[in-house]
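I have placed the structure first, in the form of structure tokens, so that the comments after it can refer back to it.
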Amino acid sequence: MSGHAFFFYGSLMDLELLEAVIDRSSDHLRHQLGRLDGYAAETAHGYSFPTLVARRGAVVKGVVTHGLSDADIERISYFEDTEYAHHPVEVVTAAATITARTYMSTSTLRSSGEAWDFEQWQVQHKPVLVAVTRKVMGEHYGITPFEEIDAHWHRIKSEIEAEMALGRRRG
């Protein structure tokens, strides 16, 4: 399969979110379980998403996604903002150890010290993030410079959270 292989250990393991980011179906992609040794996934301080922390003996479980196009990666990098950059890593799969790329936090993020939980994230944070992502990527990708997206992201997130809260009160 042509394209790039990335190891996702956070919210991008969720196919609905990944599709919102790349703005198309993920049917062209192939996914396999994998693990990254020597790291822990911990919640980033002040956020609902994870950051990798180097830790001897730790293991991060995730998904290796094969077949991402250059355009997919550009969109994912925009979504990841200045807080992450992708780097090559060795990922262990059921079949072999492979080289893939993963997004590691830049110096702007620090760990909360708490383990990140994918299932808990899906229940508590996914609906807002998917809605915000669709709006941000639809209104700002290719228009708003990468370095300026944070202000828009936070405004849109606040607006969507208010709309969702109002909808719950009415329902």
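In what follows, every heavy atom counts, from backbone to side chain, and hydrogens, waters and symmetry copies are set aside.
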T82 and T106, any side-chain heavy atoms less than 4.5 Å apart: no

H4-D72 side chain donor-acceptor pair, cut-off 3.5 Å: no

Test of ring centre spacing under 6.0 Å for Y39 and Y9: no

Q32 side chain to V64 backbone, donor-acceptor under 3.5 Å: no

Chi angles and distances behind the side-chain hydrogen bond (donor to acceptor under 3.5 Å, both in side chains) call for S77, Y103: CA-CA 9 Å; S77 292; Y103 284 88; 2.7 Å; yes

Backbone N/O of Q122 and side chain of H125: donor-acceptor pair under 3.5 Å: no

Distance-only donor-acceptor pairs under 3.5 Å for side chains of residues 87-94, two or more places apart:
from: E90; atom 1: OE1; to: T99; atom 2: OG1; distance (Å): 3.4
from: E90; atom 1: OE2; to: T99; atom 2: OG1; distance (Å): 2.6
from: T93; atom 1: OG1; to: A95; atom 2: N; distance (Å): 3.3
from: T93; atom 1: OG1; to: A96; atom 2: N; distance (Å): 3.1
from: T93; atom 1: OG1; to: A96; atom 2: O; distance (Å): 2.7

R101 (side chain) donor-acceptor with F6 (main chain) under 3.5 angstrom: no

Nearest heavy-atom neighbours spanning R134 and A20: CG-CB, 3.8 Å

Enumerate, atom names and distances included, each donor-acceptor pair closer than 3.5 Å involving a side-chain atom of residues 142-153, sequence neighbours excluded.
from: T144; atom 1: OG1; to: H140; atom 2: ND1; distance (Å): 2.6

Validation row: F8, I76 side chains within 4.5 angstrom (heavy atoms): yes

Salt bridge (charged side-chain N to carboxylate O under 4.0 Å, His left out) assessment of R55 paired with E42: CA-CA 11 Å; R55 184 166 296 127; E42 296 180 355; 2.6 Å; yes

Pair D14, S11: side-chain N/O donor-acceptor within cut-off below 3.5 Å: no

Side-chain donor-acceptor pair present, H45, S112, cut-off under 3.5 Å: no

